[in-house]
Amino acid sequence: VDFVLAEIVGSVASEEGAYSTILDARRFVKNPNDPSSWIPNRIQTYAAPASYLLHELLGPPDFDWRRLDEPVRLSCKDEGVQLLADPVIVEDLDFTNPMMSKKREISWLIDPERIDDNELD
């Protein structure tokens with residue numbers, strides 16, 4: 001195979017099995033370490049802690065977060081979502097070198113000014 005066109009990317013890069021799929025597909029690719037052999041050749045997931053303006057409406061007893069089977073995802077276009085820190089890469093999958101796609105320690109520095117900015121008047 002000269003190149004692989006993959007549509008196995010979810011809103012979280014690895015959620016549709018991209019890592020294991022690419023590892024398996026590499027055996028069929030003529031030049032698996034060449035970035036031009038993959039479309040896309042790298043996928044990343046960024047994340048950041050956030051506050052949500054309507055969080056008080058989504059609490060017990062009416063809403064039980066523990067019953068969710070997956071992480072909560074809010075639209076970045078929702079103006080009620082405000083970041084408390086800058087986004088960082090939480091996943092980085094390089095199809096040309098999947099062994100470099102390791103687990104990483106992640107941390108954020110919460111900005112007190114952003115917390116203050118998100119307070120209701």
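Because only heavy atoms are used, hydrogens play no part in the values below, and waters and symmetry mates are left out as well, while side chains stay in. As the structure is a prediction and not an experimental result, all values here were calculated from the model.
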Sorted by chain and residue number, the salt bridge (charged side-chain N to carboxylate O under 4.0 Å, His left out) partners of D78 (sequence neighbours excluded) come out as none
TODO: Could you go through the side-chain contact (heavy atoms from CB on, under 4.5 Å) check for W108 and V88 one step at a time?
DONE: CA-CA 8 Å; W108 288 275; V88 299; 3.4 Å; yes
One should read off an interatomic distance between L83 CG and I110 CD1, to the nearest 0.5 angstrom, of 10.0 Å
Rounded to the nearest 0.5 Å, the CD1 atom of I89 sits from the OH atom of Y46 at a distance of 3.5 Å
Please check if any side-chain donor atom of E91 sits under 3.5 Å from a side-chain acceptor atom of S14, or the reverse. yes
In terms of heavy-atom contacts, E16 and E7 come closest through OE1-O, 4.3 Å
When rounded to the nearest 0.5 Å, the distance separating CD1 of I43 from CG of D92 is 9.0 Å
With hydrophobic residues grouped by side-chain heavy-atom distances under 4.5 Å, do F28 and I8 end up in a single group? yes
Please lay out, stage by stage, how V29 and W38 fare under the test side-chain contact (heavy atoms from CB on, under 4.5 Å). CA-CA 9 Å; V29 181; W38 304 95; 3.9 Å; yes
When rounded to the nearest 0.5 Å, the distance separating CG of L23 from CZ of F95 is 10.0 Å
inquiry  = Within the 4.5 Å heavy-atom criterion, are V1 and K30 side-chain neighbours or not?
reply    = no
Show the numbers, then the answer: is there a side-chain contact (heavy atoms from CB on, under 4.5 Å) between I39 and F3?
CA-CA 8 Å; I39 300 174; F3 72 92; 4.0 Å; yes
Greater than 12 external heavy atoms within 6.0 Å of L5's CG: yes
* To do: Please tell me if the side chains of V4 and S37 come closer than 4.5 Å, counting only heavy atoms from C-beta onward.
  => no
Rounded to the nearest 0.5 Å, the CG atom of N41 sits from the CG atom of D94 at a distance of 6.5 Å
For this session: Start with the C-alpha gap between R114 and D86, add the side-chain angles, then the distance that decides, and say whether side-chain contact (heavy atoms from CB on, under 4.5 Å) holds.
Result: CA-CA 10 Å; R114 290 186 185 188; D86 291 333; 2.5 Å; yes
Of all heavy-atom pairs linking L93 and A18, the shortest is CD1-CB, 4.3 Å
Heavy-atom nearest pair, R26 first then P32, reads NH1-O, 3.1 Å
Between the OG1 atom in T96 and the CZ atom in R42, the distance rounded to the nearest 0.5 Å is 7.5 Å
Nearest heavy-atom approach of P87 to A48 is CA-CB, 3.7 Å
Shortest non-hydrogen pair, A6 vs P40, comes out as O-CD, 3.5 Å
